[in-house]
Student: 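A single structure is presented below for examination.
Positions are given from 1 along the sequence.
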Amino acid sequence: SFDYVVFVCAEADAACPRAFPGSLVRWFWPFEDPAAATGTPQQQLAAFRTVRDLIEQRIVAMLAVVNTSPCCAPGMPCESQTAQGQTRAV
């Protein structure tokens with residue numbers, strides 16, 4: 001079972017199941033796909049590093065919240081699942 005589920009791209013959000021057994025909170029953090037970056041190898045690497053750093057910032061913020069709140073941090077949209085596995089925006 002999962003306490004939290006985090007999707008980081010729109011394709012995963014659309015393709016993956018909306019309900020996970022035992023999951024109480026679901027976050028969707030849309031990031032640009034760094035694999036789609038163009039330019040020089042240095043520019044492509046910079047795109048990966050940018051997304052990596054943004055994910056790290058979101059995780060740090062999430063961890064600060066999950067120990068004090070069963071839901072979301074400000075600016076972190078999520079959904080809470082009902083006992084029937086349906087999701088509702090919170």
Student: Decide yes or no for D53 and F48: does some side-chain heavy atom of the first lie under 4.5 Å from some side-chain heavy atom of the second?
Tutor: no
Student: Indicate yes or no: at least one non-hydrogen side-chain atom of R49 is less than 4.5 angstrom from one of L45.
Tutor: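 Side chain of R49 against side chain of L45, heavy atoms only: contact under 4.5 Å found.
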Student: Over all heavy atoms of both residues, which pair between V6 and M62 is shortest? Give the atoms and the distance, please.
Tutor: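 Minimum heavy-atom contact is CG2-SD, 4.1 Å.
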Student: One pair to check against side-chain contact (heavy atoms from CB on, under 4.5 Å): I59 and E56. What are the steps and the verdict?
Tutor: CA-CA 5 Å; I59 290 170; E56 178 185 27; 5.7 Å; no
Student: Of all the heavy-atom pairs spanning F31 and L54, show the shortest one and how long it is.
Tutor: CE2-CB, 3.4 Å
